[in-house]
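Hydrogens, waters and symmetry mates play no part in the numbers below; they use all other heavy atoms, side chains included. The sequence lines fix the lettering, A, B, ..., with proteins before strands; numbering per chain opens at 1.
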Amino acid sequence: MTDGSPPDLSVDLAPRNPRELRLANPVIAASGCFGYGEEYAGVIDVQRLGAFVSKGITPERRSGNAMPRIIETPAGMLNAIGLQNPGISGFIRKYPPMWERWTVPAIVNISAETIEDYAAMAARLDEQPGVAGIEINVSCPNIARGGYCFGWDPGMSADVTRAVRDVTTLPLIVKLSPGATDIVAVAEAVEAAGADAISLINTLVGMVIDVQHRRPLLANLTGGLSGPAIKPIAVRMVYQVAAAVKVPVIGMGGIMGLRDALEFFLAGASAIQIGTAIFVDPGLPIRLIDELQAWLEHEGFASIGQIVGIANEGFRRGDSAALTAWETAGA
Amino acid sequence: MTDGSPPDLSVDLAPRNPRELRLANPVIAASGCFGYGEEYAGVIDVQRLGAFVSKGITPERRSGNAMPRIIETPAGMLNAIGLQNPGISGFIRKYPPMWERWTVPAIVNISAETIEDYAAMAARLDEQPGVAGIEINVSCPNIARGGYCFGWDPGMSADVTRAVRDVTTLPLIVKLSPGATDIVAVAEAVEAAGADAISLINTLVGMVIDVQHRRPLLANLTGGLSGPAIKPIAVRMVYQVAAAVKVPVIGMGGIMGLRDALEFFLAGASAIQIGTAIFVDPGLPIRLIDELQAWLEHEGFASIGQIVGIANEGFRRGDSAALTAWETAGA
Amino acid sequence: MEMGHESGSSREFEGQILAIDPIMGDSLLLTVSAPPAIVQRLRPGQFFNIRCRFPSAYDPLLRRPFSVYRVDVERSALIFLVRPYGRGSAWLADRVVGDRVGLLGPLGNAFTFSPRTQRVLMVAGGVGVAPLVMLSDEAVAKGMDVVFIMGAADESGLLASSELAGSVEFVAATDDGSRGHRGLAPDMTADYVPWADQIFACGPEPMYRTLRAVVDPLRVNRKPPVQISVERGMACGLGACLGCVVETRHGMVASCVKGPVFDLDEVIL
Amino acid sequence: MEMGHESGSSREFEGQILAIDPIMGDSLLLTVSAPPAIVQRLRPGQFFNIRCRFPSAYDPLLRRPFSVYRVDVERSALIFLVRPYGRGSAWLADRVVGDRVGLLGPLGNAFTFSPRTQRVLMVAGGVGVAPLVMLSDEAVAKGMDVVFIMGAADESGLLASSELAGSVEFVAATDDGSRGHRGLAPDMTADYVPWADQIFACGPEPMYRTLRAVVDPLRVNRKPPVQISVERGMACGLGACLGCVVETRHGMVASCVKGPVFDLDEVIL
Ligand SMILES: Cc1cc2nc3c(=O)[nH]c(=O)nc-3n(C[C@H](O)[C@H](O)[C@H](O)COP(=O)(O)OP(=O)(O)OC[C@H]3O[C@@H](n4cnc5c(N)ncnc54)[C@H](O)[C@@H]3O)c2cc1C
Ligand SMILES: Cc1cc2nc3c(=O)[nH]c(=O)nc-3n(C[C@H](O)[C@H](O)[C@H](O)COP(=O)(O)OP(=O)(O)OC[C@H]3O[C@@H](n4cnc5c(N)ncnc54)[C@H](O)[C@@H]3O)c2cc1C
Ligand SMILES: Cc1cc2nc3c(=O)[nH]c(=O)nc-3n(C[C@H](O)[C@H](O)[C@H](O)COP(=O)(O)O)c2cc1C
Ligand SMILES: Cc1cc2nc3c(=O)[nH]c(=O)nc-3n(C[C@H](O)[C@H](O)[C@H](O)COP(=O)(O)O)c2cc1C
Ligand code: FES
Ligand code: FES
């Protein structure tokens, strides 16, 4: 099976884009959980990562939400950071010049409330040295549509994707929101609109009540739920979406170790992102690279690509293996 | 504040229905987690419960899904029982006659794949002694609409509600599916269609991959996620829905103790259901009744009704406190 | 069915760990206190659903079923055989004497002897040995002849024969041949099938398929009958969730209530 | 900024519990081994993010920050003061000598002495006492005069004055007056404000508001300066998640990196 050389972990996350998004390995640090990369420099060897995604950047500087912004939940956490960031201009001055001297690909996560703002940010990133790709966070309210979240609607998600695609040739990842009832419809729409890859899942909206003070605990009232608690939902969505689209899928949601990571690959993810786990186990992403390689070798696979989607028979056959009604509805 | 008498725990879950659904206390055992009541008779004093909800009943007998049907997940579990039940006829022969001799109100949970089937079941339950109310489980695929889940669509949920309302005067609870992007729209639709109360949340659809065998672990591929893991999502949805509707809201999802229960009441639930927790802590529902009473007394409330929704300022003011765009989208 | 309107006879209680003894390699025998009425009435094959975490930490969430290995009537205690395998059993194996654990039980049905049974064959695979030890004690006490076949991956996984009454004939089988016969426990049964009045087996599901293949050609009119204890992932342990069902000739039945002991000829494996 | 392309200097490691000693009622001092380089360079006020669960159980999920109470250079160990409060600290308090715990650190900035400081006032509320003990040791070693005010709910929550160097003047305050002055720690500070060159405080957030109200009228040109250590819920401890921010005159800053020590005049509480 293998010719003695170690299994190939590399992956191109933008196969239909000439600019490519080739990663040495499929382990990516997730947006909002890795700052701008430098924060973890003293703790792990950041350069060994497949890639990392920046904190979400917005058109203008944002100071974020009031405190408290995070609260632990059973096997998970809620966050309502409120996209604290220096804004696209401040960001461009500071980080891409630093990243240019790094070897690890840096992906910029962008958030906005209008289609024009998404496009304007993307245009500024297009020829920016140090930027390897863009991840569009569509889990934001669309001001023009009364605040209905872009990511909940296939049409709105596609509109954002198209607008960004029109102004940049950079590899483009669209990050889906699990709040969408029909996640496959959104995935298909953004694929058709020019996404080079699809990442999922972003957080689910949750709330914790502070019983003592009789009000929601987070200053923002609600926050995004992440961590192991949401993993089964994430794996299910990756399984569905990977079967439906041709572009690579990047899976995330609650990955805490090798077995979790393998669940996502087997479900159809070409790469994975690690978010919340980095907070509790910063060494995990680097360890995973080694563990993935060892596991592939042990199981006789020549590359990571060989295990992508093999838990889904339809995926393996190349036909779209939609889940039946009872399967999707849960039962 | 209190006149010395213990705080009043009773609640009417169908205030706009002359047949009433008056419970001695607001603690209800959830559907699918309490069998038909008799299973827990040797373990707890079932008659002390506010009420209990039967396993989901279907028009015909179902033997359920193949095994495995359950798998533990981080702070939660997935189930794909597949509605194993004797069917409405077998059910009516066996259980309501037994319940008639009990003092605890028994609510029947019904599931079907067509509107006609829902209505036909409800019609047979209408004058059935021993049945205190109906809970409609709309988390089922609508065969007439290609298997799209009833509960994901306000219109389809309302159609089922209306059809059932037309054939029975029994108190009618509609149980919402958290898979709906806009849960408030579904709640408003079923309220308008005649629901006496709304319960939420049902399980979220999830999947676990069996890494060793490289396929989904559950025979059904997916299952419903329940337990503490989903609590923040459930609390958020109860908060949103309770602010939007006038009928009582019954909250559930991951309640494991007094603090969790209080979160739901403060968010706007008039009663709560306990599901997964019963498996791990069967004594919990009865203990909760006592703990709720003691807590209300300690905090100086005269009744459970006084704390319903007080974590939501808009709810208290009586105006619909919709969350802002960023709050609902998470951020 | 009449239900207790007073506070029902609770089967949920906390036991205190009275002793922890090593057994079968990395496994442990946990002696846990329990009410006398429960200890005295316990039948071999019954099990308890044990909470395997601190009450305030919700992961792992569900209880774990454990068969009773033996009872200690004098100390009013239940003895469990715990193999540290995954998260729940590892937590349990990590306890120290004096700790308290949450028990729900006794649950399930039991192995049963037919009135005229004199010769019994036990077939145990790994930790499946647990309920058969108590059953052997009972058989010996009733004056029966017992042959106890046990299979394990290697020598360290075998029960010490001193754990069984002196009159029991102990036959060992290991996958690697490090002790006893090389092979699986069911392979050793052939010689004893014609001899036995009843066969009792407990082990992983594949073992039962092998057992069926071995014994069926040797049985006459489904005699000797074979009782097996099936292992299913469980949630409630009380027949409420229907997560633990076994397919039988009479449909899907909850193995926590109608089982875990089934007649091999009744179940579809 | 240049980054190590080789394997970075890891601040994540496992320490072994060398000793557990009771202190302040139900609290414990945990002595945990750590690399000598870390122990020797540790500054008072820095903290570690400690994993407070078994690695394979994901609830409670997040690490918990704990200040260093003292270092033991000879044993190459860090000493933490743990109050069993919620789920994480209770887990930590449940460990036994020999257990290993996961540490991430040292994290955060430190209390700093101004070059000409000779007289220092410490104001500690409850477990907030931890970093001020190490700071007092350092002040005494530098030949400074130290007054240490400590407040607690009742007598049992107070630090034994023997935990501090003999030259330290220890002033106790309890909410119920069971020992020392009846009242809050900040109420005792007034007498010492004119005397002190620097004030260092650590306790719950409301204590700082009280402290500000007490000291502000007594200070001249914001002198003596007051350094406080703020307590925020944390996730990463490294400035990456922005979950632990403190509002300052210069915006929202991560208290795990730019803090936990802040100048009282800089933060908006
Ligand atoms: C009636 C009965 C009696 C038993 N008696 C004993 C006994 O006497 N001694 C003993 O040591 N054990 C006994 N067991 C097994 C025991 O209950 C546990 O299953 C075992 O200890 C493993 O649990 P764990 O938490 O350690 O492993 P886990 O952490 O639960 O994981 C074990 C593995 O099984 C998988 N798994 C977990 N749950 C499921 C599921 N529902 N479906 C499919 N796969 C799943 C996991 O993915 C993992 O790979 C008995 C089981 C039953 C049903
Ligand atoms: C820099 C720093 C140093 C510290 N040093 C020490 C020390 O030396 N000794 C010591 O004992 N403690 C110290 N603490 C506190 C410690 O980190 C824990 O917060 C404390 O032990 C309680 O954790 P727990 O797991 O026991 O409680 P938890 O189970 O986390 O619960 C405690 C309570 O706080 C609430 N809560 C939890 N997280 C949040 C949040 N993010 N926002 C709002 N409310 C929340 C919970 O709802 C609960 O009511 C320090 C904290 C910081 C930030
Ligand atoms: C503190 C925090 C901040 C986050 N910020 C962002 C963000 O700015 N943009 C974004 O697309 N996702 C953001 N996320 C979502 C994560 O990237 C990821 O999609 C999610 O947390 C699920 O993965 P996990 O369970 O591994 O954390 C954030 C998550 C956390 C926990
Ligand atoms: C094993 C199992 C079976 C269930 N069966 C049903 C059902 O038949 N009908 C229904 O409406 N909900 C069913 N549910 C959902 C629960 O009633 C409840 O909505 C959900 O589990 C969330 O609550 P919890 O977290 O307290 O369990 C089932 C849940 C479980 C765990
Ligand atoms: S474990 Fe629930 S029915 Fe058997
Ligand atoms: S804890 Fe993450 S930034 Fe401070």
Separation between OH (C:Tyr58) and OG1 (B:Thr276), nearest 0.5 Å, reads 12.5 Å
Check: Counting distance only, does the side-chain N/O of C:Glu12 pair as donor-acceptor with the main-chain N or O of B:Gly283 below 3.5 Å?
Finding: yes
So SG of C:Cys241 and CD1 of B:Ile70: to nearest 0.5 Å the spacing works out to 5.0 Å
Quiz item: With distance as the sole test, does B:Arg69 use its side chain to make a donor-acceptor pair with the main-chain N or O of C:Leu242 at under 3.5 Å?
Solution: yes
Interface check, chain C: of B:Gly76, B:Gly227, B:Pro68, most non-hydrogen pairs under 4.5 Å belong to B:Gly76
Heavy atoms of C:Ala240 and B:Phe34 approach each other most closely as CB-C, 4.0 Å
The reported gap from CE in B:Met67 to CE in C:Met252 (rounded to nearest 0.5 angstrom) is 8.0 Å
Does B:Glu60 CD have over 12 foreign heavy atoms under 6.0 Å away? no
Here the gap from B:Phe279 atom CZ to C:Asn49 atom CG, rounded to the nearest 0.5 Å, amounts to 11.0 Å
Nearest heavy-atom contact between C:Leu61 and B:Glu72 is N-OE2, 3.1 Å
Chain C shares the most heavy-atom pairs under 4.5 Å, among B:Ala229, B:Pro282, B:Ala277, B:Cys33, with B:Pro282
So CD of B:Glu39 and CG of C:Leu238: to nearest 0.5 Å the spacing works out to 8.5 Å
Looking only at B:Ile71, B:Ile286, B:Val104, B:Asp281, the option with the highest number of non-hydrogen pairs under 4.5 Å against chain C is B:Asp281
| query | In terms of heavy-atom contacts, does CZ of C:Arg41 have more than 12 from other residues, nucleotides or ligands at under 6.0 Å? | reply | no
